[in-house]
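The first residue in the sequence is number 1, and the count goes up from there.
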Amino acid sequence: MLASDRQDRILELLERDGSVKTSNLVTIMDVSLETIRRDLDFLEKQGYLQKVYGGAILKNKEGKNLTYSLRESKNIEEKREVALLALKYINEGDTIALNGSTTNIEIARLIKDKYSSLTVVTNSLLIANELADVKGINLILAAGIYNKTEFAFLGEITEHFLHNFSVDKSFICVGGISLKRGVTDFLIEEVLVERKMAEIAEEVFILADSTKIENNSLIKICDIENLDLIITDSRLDEDILKKYLENGVKIINK
């Protein structure tokens with residue numbers, strides 16, 4: 001297979017799935033790991049993709065990552081539905097952690113008018129801006145290296161910052177959930193923060209719209225058994241919901 005043909009095939013897979021794994025490309029193309037890495041290097045230089053740990057994610061035509069800016073316009077109704085369900089588990093006086101995500105920005109907007117006493121720990125500049133002037137919200141911004149495409153602080157510095165805290169509940173939005181692979185996401189810098197938010201919480205709530213259930217991202221955050229609850233939307237396939245419940249996974253979608 002010519003290099004141009006391989007690269008076209010890689011782009012087709014990216015358009016379909018949003019991400020590719022290097023190991024899978026080696027198998028599909030029947031070429032060496034070094035060859036695939038050269039293809040990914042070339043496509044990244046052309047602005048089509050961004051290499052991440054273990055593979056690559058798609059970029060849109062303007063060269064921006066499929067990150068917050070693109071996600072905020074997708075599955076809007078489902079994300080609001082998930083946010084409303086999550087609110088049922090937030091009590092007056094709680095200390096909660098919210099990672100940077102389009103669903104958690106919905107939670108931030110909802111809690112502004114509902115609670116008079118909350119402490120919110122977040123790595124999201126957008127969530128911090130949303131809650132900065134809200135009376136009764138004690139806001140803690142987990143700083144570090146700022147990611148301009150995610151509008152959030154990510155990586156080891158943010159992870160170390162969070163190590164100093166203990167929260168009642170963490171609400172963590174992720175890229176994928178599956179019974180086999182557990183909870184996953186794309187960027188290692190983001191996963192470090194998500195793992196730490198899960199570690200410092202008494203209860204861990206994983207938030208994901210139904211398109212992410214039984215889909216995998218590249219990097220594992222935790223096993224599915226370590227969660228207190230998965231919150232998704234009412235469009236989740238009933239067979240998938242039944243399968244999760246039969247496997248002892250606590251999951252709600254209404």
Side-chain angles (χ1 to χ4, degrees), residues 18-22 40 44 47 49-60 62-74 79 83 86 95-108 119-132 139-167 169-177 181-201 204-209 212 215-222 226-227:
S19 67
V20 291
K21 295 181 182 178
T22 306
L40 294 179
E44 184 175 49
L49 59 80
Q50 178 189 343
K51 291 192 298 180
V52 295
Y53 183 82
I57 58 176
L58 184 67
K59 287 187 175 182
N60 64 20
E62 288 73 34
K64 295 179 181 177
N65 297 339
L66 283 178
T67 51
Y68 188 96
S69 296
L70 186 59
R71 295 196 311 266
E72 67 178 340
S73 62
K74 296 179 66 177
K79 289 170 183 174
T95 297
I96 65 172
L98 302 174
N99 72 314
S101 67
T102 54
T103 302
N104 273 339
I105 194 73
E106 289 295 329
I107 291 180
T119 297
V120 178
V121 181
T122 185
N123 66 315
S124 167
L125 190 59
L126 295 178
I127 291 174
N129 286 337
E130 194 73 32
L131 300 176
L139 180 64
I140 300 170
L141 180 60
I145 297 174
Y146 183 62
N147 184 304
K148 293 180 176 64
T149 59
E150 289 295 317
F151 304 101
F153 298 95
L154 303 175
E156 291 185 357
I157 297 175
T158 309
E159 176 193 19
H160 292 326
F161 182 95
L162 289 168
H163 183 73
N164 297 300
F165 295 88
S166 176
V167 302
K169 298 153 186 172
S170 283
F171 295 86
I172 305 170
C173 299
V174 299
I177 302 171
R181 289 277 312 280
V183 184
T184 55
D185 219 328
F186 287 109
L187 300 176
I188 185 64
E189 295 88 354
E190 197 163 26
V191 168
L192 290 174
V193 173
E194 292 162 347
R195 286 175 182 165
K196 183 57 68 173
M197 282 190 172
E199 180 184 316
I200 66 173
V204 179
F205 298 84
I206 296 296
L207 313 183
D209 66 68
K212 297 177 181 177
N215 277 302
N216 296 317
S217 299
L218 291 172
I219 308 168
K220 187 171 182 178
I221 301 169
C222 65
N226 296 339
L227 312 177

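Val183 is listed as a side-chain neighbour of Leu227, based on a closest heavy-atom distance under 4.5 Å. Using a 4.5 Å heavy-atom threshold, the side chains of Val204 and Ile206 count as touching. Side-chain contact check for Val191 versus Leu187: every heavy-atom pair is 4.5 Å or farther apart.
Separation of atoms OG (Ser124) and CZ (Phe151) is listed at 9.5 Å; rounding is to 0.5 Å. In this structure, OG1 on Thr158 lies 9.5 Å from CG on Leu192, to the nearest 0.5 angstrom. Here the CG atom belonging to Leu207 is positioned 5.5 Å from the CG atom belonging to Asn104, to the nearest 0.5 angstrom. To the nearest 0.5 Å, the span separating CZ on Arg181 from CG on Asn215 amounts to 11.0 Å. Rounding to the nearest 0.5 Å places OG of Ser101 at 8.5 Å from CD of Glu194. Expressed to the nearest 0.5 Å, how far OG1 of Thr103 lies from CD1 of Ile172 amounts to 13.0 Å.
The nearest pair of heavy atoms linking Ala83 to Glu106 is CB-CB, 3.7 Å. Shortest non-hydrogen contact noted between Leu40 and Ala56 is CD2-CB, 4.2 Å. Taking both residues in full, the closest heavy atoms of Asn99 and Cys173 are given as OD1-N, 2.9 Å, listed atom of the first, atom of the second, then distance. Between Val167 and Ala97, the shortest heavy-atom distance links the atoms CG2-CB, 4.2 Å. Here the shortest heavy-atom pairing between Ile107 and Ala86 reads CD1-CB, 3.7 Å. Closest heavy-atom contact between Met197 and Thr122: CE-CA, 4.4 Å.
Checking side-chain atoms of Arg195 against main-chain N and O of Lys220 turns up a donor-acceptor pair under 3.5 Å. Of the possible polar contacts, none joining the Gln50 side chain to the Ile57 backbone as a donor-acceptor pair under 3.5 Å is found.
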Could you give me the CA-CA distance, side-chain angles and deciding distance for His163 and Ile200, then say whether side chain to side chain contact (heavy atoms under 4.5 Å, CB included) is met?
CA-CA 7 Å; His163 183 73; Ile200 66 173; 5.8 Å; no
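Within a 6.0 Å radius of OH in Tyr146, more than 12 heavy atoms belonging to other residues, nucleotides or ligands are found.
A donor-acceptor contact closer than 3.5 angstrom links the side chains of Lys79 and Thr102.
Ala152 pairs by the side-chain contact (heavy atoms from CB on, under 4.5 Å) definition with Asn123, Glu150, Leu154, not counting sequence neighbours. Annotation: side-chain contact (heavy atoms from CB on, under 4.5 Å) contacts of Thr119 (sequence neighbours excluded): Thr95, Asn138, Ile140. In terms of the side-chain contact (heavy atoms from CB on, under 4.5 Å) criterion, residue partners of Glu130 (sequence neighbours excluded) are, by chain and number, Ile105, Ala108, Arg109, Lys112.
Ring-plane geometry between Phe205 and Phe171 is classed as parallel, the angle between the planes falling under 30 degrees on a 0 to 90 degree scale with a further cut at 60.
Checking each of Leu141, Val193, Asn147 against Phe153 for a side chain to side chain contact (heavy atoms under 4.5 Å, CB included) leaves exactly one that passes, namely Leu141.
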